[in-house]
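Read the numbers this way: they start at 1 and go in the same order the structure lists the ligands and their atoms. In this chain, numbering begins with 1 at the start of the sequence shown.
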Amino acid sequence: MVIAVDGPAASGKGTIARALAERFGLPHLDTGALYRAVALEALRQGLDLADGAALGRAAAQLDSALLADPELRTAHVAEAASRVSAHPEVRDALLAFQRAFAGQPSGAVLDGRDIGTVIAPEAPVKLFVTASPEERARRRWRELGCPGGEAGLAEVEAGIRARDARDRDRAAAPLRMADDAILLDTTGLDKEAAVQRAVDLVVGRLNPAL
Ligand code: C5P
């Protein structure tokens with residue numbers, strides 16, 4: 001069983017994907033972490049974020065220890081990740097690993113932007129998780145410890161909107177809901193309610209008679 005969970009930044013897709021993996025006993029891959037790790041490596045090496053060939057080579061040689069680096073979760077790495085991920089060379093370098101993860105006999109849960117459209121288009125269950133930009137910004141701002149008051153919140157929202165636009169408008173594997181995905185809007189839902197709704201949707205898709 002492969003469950004594909006896609007959606008924009010701070011929509012709740014990571015929390016939902018982790019919870020589904022636990023609930024159904026499946027391994028989980030946060031594919032955003034792969035792009036963040038390439039971005040972190042590129043920033044450390046001083047690579048030009050417009051140089052797709054150099055970034056593709058860095059992605060092909062990615063050190064998996066970077067996936068546990070706390071710097072991965074910072075706003076500047078997120079921003080760099082959305083630039084790095086627009087290059088087809090980078091996406092190609094990470095494709096085989098993600099497809100192999102999705103193809104393991106146990107099944108898997110993967111979350112990202114293009115899981116249902118590119119990485120695992122045959123996945124029997126696809127969720128597209130979203131929420132209003134205002135609510136996503138507020139969640140991310142709270143996670144960061146509410147820096148800078150209302151001005152800080154506006155800055156986080158601008159960053160999220162810019163990242164959304166870049167992820168949606170790029171030519172290579174843009175953020176898009178797969179035709180057969182189920183939309184889950186988490187606006188106004190707390191974590192528990194969003195996870196419960198996701199579990200119900202997965203069970204409903206697997207057992208349409210229930
Ligand atoms: O999900 P997360 O916010 O960690 O992703 C960071 C960035 O990596 C995204 O803004 C997006 O540009 C990129 N990404 C992607 N494809 C994926 C996962 C993430 O392009 N499957």
Identify the heavy atoms of [X] and [Y] that sit nearest to each other, and give their distance.
X: A131; Y: T186; value: CB-OG1, 3.5 Å
X: S11; Y: P8; value: OG-O, 2.9 Å
X: I182; Y: L201; value: CG2-CD2, 3.9 Å
X: A37; Y: L66; value: O-CD1, 3.6 Å
X: K126; Y: A178; value: CD-CB, 3.9 Å

>> Show me which atoms of ligand 1 lie under 4.0 Å from any heavy atom of K13.
In response: 1 (O)

> If you count the atoms of ligand 1 from 1 in the order shown, which ones are under 4.0 Å from a heavy atom of S85?
Replying inline: 11 (C), 12 (O), 13 (C), 20 (O)

> Where does R170 meet ligand 1, judged by heavy-atom distances below 4.0 Å: at the side chain, the backbone, both, or neither?
Replying inline: side chain

Provide, to 0.1 Å, the distance between [atom] and the closest protein heavy atom, together with that atom's residue and name.
atom: atom 16 (N) of ligand 1; value: R91 NH2, 3.0 Å
atom: atom 4 (O) of ligand 1; value: R36 NE, 2.6 Å
atom: atom 12 (O) of ligand 1; value: D167 OD1, 2.6 Å
atom: atom 9 (C) of ligand 1; value: R113 NH2, 3.2 Å
atom: atom 18 (C) of ligand 1; value: T31 OG1, 3.4 Å
atom: atom 6 (C) of ligand 1; value: R163 NH1, 3.5 Å
atom: atom 8 (O) of ligand 1; value: Y35 CB, 3.5 Å

> Looking only at N/O atoms, are D30 and ligand 1 under 3.5 Å apart anywhere?
Replying inline: no

> Just distances here: any N/O of D111 and N/O of ligand 1 closer than 3.5 Å?
Replying inline: no

> Would you call E79-R83 a salt bridge at under 4.0 Å N-O?
Replying inline: yes

> Hey, is E143 close enough to R139 for a salt bridge, meaning N to O under 4.0 Å?
Replying inline: no

>> D114 vs R170, test: salt bridge (charged side-chain N to carboxylate O under 4.0 Å, His left out). Steps then yes/no.
In response: CA-CA 12 Å; D114 63 341; R170 68 185 178 212; 5.6 Å; no

>> If you take the nearest heavy atom of each of A33, A10, S11, A81, which one is closest to atom 7 (C) of ligand 1?
In response: A81

>> Testing the 3.5 Å rule here: is there a donor-acceptor pair between the side chains of D51 and H87?
In response: no

